[in-house]
Amino acid sequence: MRIAFSAAEVAPYAKVGGLADVAGSLPQALAALGHDVSVHVPLHGTIDRAKHGIPAEGPARSVPYARSRTRVSYPHVARDGVRVVFVDGPRIVRARVYGAPDDAKRYALFARAVAEDLAASKDRPDVVHAHDWHAALLVPMVAGPYRRALRGAATVFTIHNLAYQGQSAADVLDVVGLPKRRVKPEAPGQLNPVARAIASADIVSTVSERYAQEILTAEFGSGLQDLLATRRDGLWGIVNGIDVGVFDPATDRHIPARYSLRDMRGKAQCKVALQKALGLAVGTAIPLFGVIGRLVEQKGIDILTPVASEILRTGAQIVVLGTGEPKYEAMWKELAARHRGTLSLTLGFDAALAQRVYAASDMFLMPSRFEPCGLGQLISFRYGTVPVVRSVGGLADTVRDADADRAGGTGFSFSEYAAAPLADAIRRAVRAYRDEARWTALRERVMRLDHSWDASARRYVEMYEAARQARRAA
Ligand code: ADP
């Protein structure tokens, strides 16, 4: 099959969160199964062209834009059998991935530039696969104005996080040549790209089975639950895999000592090295909790903040790497100042440091309010780090509580979104950690889990077949 991905983030070129991990590794897994896969991504200002060998120029097109046209060029590289196409143009590219005042317009134009490129290619895709709101308008484009040019390619829309829908004023539709007819629940004059993609895709999917169920409810549906219910039959949930070549303690060049199930000594060395580097008290027996992610309420930072001091009272240490809401950044700065030597805070985005933290930690904290899939817990497994999570979304699908299931547990989890149940799960984790035989068994069990893309990529192929069938039937 010819499959055309488009996404705002693709690792290793541009990464803000989990979307990049998926768009940077699922295409490769599909290519390994014998499919022909391309990925379109904007050539963001943050992308290091020299480092990634991206040519200065690529084939160029004049893309319709409002009543005029704009020049877009498409330099590309091949990575592990996947054609990665960088979409470049003054009306699309900004310094950073998100946060420009014209995000709605430029991402709409990105979608149109992708549609133009696919329609002009001699190898037209069988399936057009758009990810999250940034690429969402590609779906109604392929289902509408580009249907003939694309010879009826099937469309799949994947929701990585329903909380972000990219709403804007409806005039963006005129700019990219889409009809204005409203889709529920758009208000008059308003555009909701995600709603439009859900309404017009042959298949809608999300990144875990549990989240696929949850988004049909008012609590998790972010206002789109009724629209999603109309697509219930075509709503798939496929759990994310991770790139096990990148996240592998046996070969990881970012960590100071390598290790594997056969010889775990390197993990203790990673811990000592990180403790030293971050100015923490050094000791291999000190339980170390890692936190990597956006410091926002989705990730449970509001229930984690009040229990931080209590975690430290158990004799544990906490290492935090992330950025987020200024309010929480300030609170954690204050905590780090108060608990020098036991709590370390690094505000920033640093992929190499993240790998050192995954490797050094004994436990990984992810008490999310909602979590479409979550990758932190899967990466932690790989590094023999035991996750402590709220049982929600993809976290519920991938982590089994080790007290509830002594023989098969893979972490510690709690249900009610509140500080007290989180603190209880943390205390249970520390107790297990202090039982050396139990901890060794638990750590080995999580390292044996297989969260490579293999199984999930096969499910994606089934889903693409279903999308093509749905398109033919339509
Ligand atoms: P999100 O909702 O942010 O997409 P995920 O758990 O799905 O959350 O994916 C987050 C990804 O981004 C993981 O690969 C995680 O290691 C990485 N990450 C998050 N914050 C940082 C950071 N500050 N520095 C480095 N990597 C980070």
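Computed over heavy atoms, backbone and side chain alike; hydrogens, waters and symmetry mates excluded.
For residues 377-400, the side-chain hydrogen bond (donor to acceptor under 3.5 Å, both in side chains) pairs, not counting sequence neighbours, are D252-Y383, K267-T385, Q377-T398, R400-D405. Sorted by first and then second residue, the pairs that involve residues 286-296 and meet side-chain hydrogen bond (donor to acceptor under 3.5 Å, both in side chains), not counting sequence neighbours, are Y164-R294, R294-Q298. Legend: ring-ring contact (aromatic ring centres under 6.0 Å, His included) pairs involving residues 90-111, not counting sequence neighbours, sorted by first then second residue: Y98-H134, Y107-W133, Y107-H134.
By the 4.5 Å heavy-atom criterion applied to side chains, F157 and S200 are not counted as neighbours. The closest side-chain heavy-atom distance from V357 to T346 is not below 4.5 Å. Within the 4.5 Å cutoff, no side-chain heavy atoms of F5 are placed close to those of V41. Contact of the V72 side chain with the Y65 side chain is not registered, since no non-hydrogen atoms from C-beta on lie closer than 4.5 Å. When side chains are defined from C-beta on, V156 counts as touching T158, because their heavy atoms get closer than 4.5 Å. Between V87 and D117, the closest side-chain pair of non-hydrogen atoms is not below 4.5 Å. With contacts defined as side-chain heavy-atom distances shorter than 4.5 Å, the pair P42/R106 does not qualify. The shortest distance between side-chain heavy atoms of L353 and R356 falls below 4.5 Å.
Here the side chain of Q275 pairs no donor or acceptor atom with the backbone of L288 at under 3.5 angstrom. Side-chain atoms of Q317 come within 3.5 Å of backbone N or O of A281 as a donor-acceptor pair. For the pair R210 (side chain) and A396 (backbone), a donor-acceptor distance under 3.5 Å is absent. Listed for the E214 side chain is a donor-acceptor partner under 3.5 Å among the backbone atoms of G393. The backbone N or O of G24 lies less than 3.5 Å from a partner atom in the side chain of R79, making a donor-acceptor pair. Side-chain N or O atoms of S456 include one that pairs as donor or acceptor with a backbone N or O of V239 at under 3.5 Å. When atom types are taken as modelled, the side chain of R196 and the backbone of L137 share no donor-acceptor pair closer than 3.5 angstrom. Listed for the D103 side chain is a donor-acceptor partner under 3.5 Å among the backbone atoms of A100. In terms of modelled atom types and a separation under 3.5 Å, the side chain of R231 and the main chain of I198 share a donor-acceptor contact. Under the 3.5 Å distance criterion, the side-chain polar atoms of E9 are matched with a main-chain donor or acceptor of G17.
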Just distance, no hydrogens or angles: give the donor-acceptor pairs under 3.5 Å from side chains in residues 421-430, sequence neighbours left out.
{"residue": "D424", "atom": "OD2", "partner": "R428", "partner atom": "NE", "Å": "3.4"}
{"residue": "R427", "atom": "NH1", "partner": "E310", "partner atom": "OE2", "Å": "2.4"}
{"residue": "R428", "atom": "NH1", "partner": "D401", "partner atom": "OD1", "Å": "3.1"}
{"residue": "R428", "atom": "NH1", "partner": "D401", "partner atom": "OD2", "Å": "3.1"}
{"residue": "R428", "atom": "NH1", "partner": "D403", "partner atom": "OD2", "Å": "2.7"}
{"residue": "R428", "atom": "NH2", "partner": "D401", "partner atom": "OD1", "Å": "3.0"}
{"residue": "R428", "atom": "NH2", "partner": "S413", "partner atom": "O", "Å": "3.0"}

Which pairs would a plain distance check flag for residues 89-96, meaning a side-chain donor or acceptor within less than 3.5 Å of a matching protein atom at least two apart in sequence or in another chain?
{"residue": "R94", "atom": "NE", "partner": "D102", "partner atom": "OD1", "Å": "3.2"}
{"residue": "R94", "atom": "NE", "partner": "D102", "partner atom": "OD2", "Å": "3.2"}
{"residue": "R94", "atom": "NH1", "partner": "P90", "partner atom": "O", "Å": "2.8"}
{"residue": "R94", "atom": "NH2", "partner": "D102", "partner atom": "OD2", "Å": "2.6"}

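Taking every heavy atom of both residues into account, A23 and V10 meet most closely at O-CG1, 3.6 Å. Nearest approach of L274 to A360, heavy atoms of both residues: CD2-CB, 3.6 Å. For the pair L228 and L235, the tightest heavy-atom approach, listed with the atom from each and the gap, is CD2-CD1, 4.4 Å. Closest of all the heavy-atom pairs between Y74 and A113 is OH-O, 2.8 Å. Considering all non-hydrogen atoms of both residues, L261 and R448 come closest at CD1-CG, 3.6 Å. Contact record, N161 with D132: N-OD1, 3.4 Å, taken as the closest heavy-atom pair.
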**OP:** Before giving the answer on side-chain contact (heavy atoms from CB on, under 4.5 Å), spell out for R112 and V175 the whole-Å C-alpha distance, their side-chain angles and the decisive distance to 0.1 Å.
**Re:** CA-CA 10 Å; R112 186 164 205 180; V175 174; over 6 Å; no
**OP:** Would you sort out whether M331 and I301 count as a side-chain contact (heavy atoms from CB on, under 4.5 Å), showing the intermediate values?
**Re:** CA-CA 10 Å; M331 285 181 185; I301 197 71; over 6 Å; no
Original post:
Can you list the steps and then say if Q225 with T217 is a side-chain contact (heavy atoms from CB on, under 4.5 Å)?
Top reply: CA-CA 6 Å; Q225 59 275 12; T217 66; 5.9 Å; no
**OP:** Would you sort out whether N192 and V183 count as a side-chain contact (heavy atoms from CB on, under 4.5 Å), showing the intermediate values?
**Re:** CA-CA 8 Å; N192 183 326; V183 166; over 6 Å; no
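Rounding to the nearest 0.5 angstrom, the gap separating the OH atom in Y328 from the CG atom in D302 is 4.0 Å. Rounding to the nearest 0.5 Å gives a distance of 5.5 Å between OG of S309 and CG of L335. Note that CG of L224 and CG of L216 are 11.0 Å apart. Values are rounded to the nearest 0.5 Å. The distance from atom OH of Y460 to atom CD1 of I238, rounded to the nearest 0.5 Å, is 5.0 Å. Atom CD1 of residue I159 and atom SG of residue C373 lie 14.0 Å apart, to the nearest 0.5 angstrom. Note that CG of L280 and OG of S344 are 5.5 Å apart. Values are rounded to the nearest 0.5 Å.
Applying the salt bridge (Lys or Arg N to Asp or Glu O under 4.0 Å) rule to D21 yields the partners K15; only residues at least two apart in sequence or on another chain are considered.
The side chain to side chain contact (heavy atoms under 4.5 Å, CB included) test with W332 is passed by exactly one of V291, L304, L347: L304.
Residue-environment remark: CZ (R83) stays at or below the threshold of 12 foreign heavy atoms within 6.0 Å. More than 12 heavy atoms of other residues, nucleotides or ligands sit less than 6.0 Å from atom CZ of R338.
In this pair, F370 and Y211 present their aromatic rings parallel. The plane angle is below 30°, not in the 30 to 60° band. F86 and Y13 have perpendicular rings, their planes meeting at more than 60° on a 0 to 90° scale where under 30° would count as parallel.
Taking 4.0 Å as the cut-off between side-chain N and carboxylate O, K333 and E329 do not count as a salt-bridged pair.
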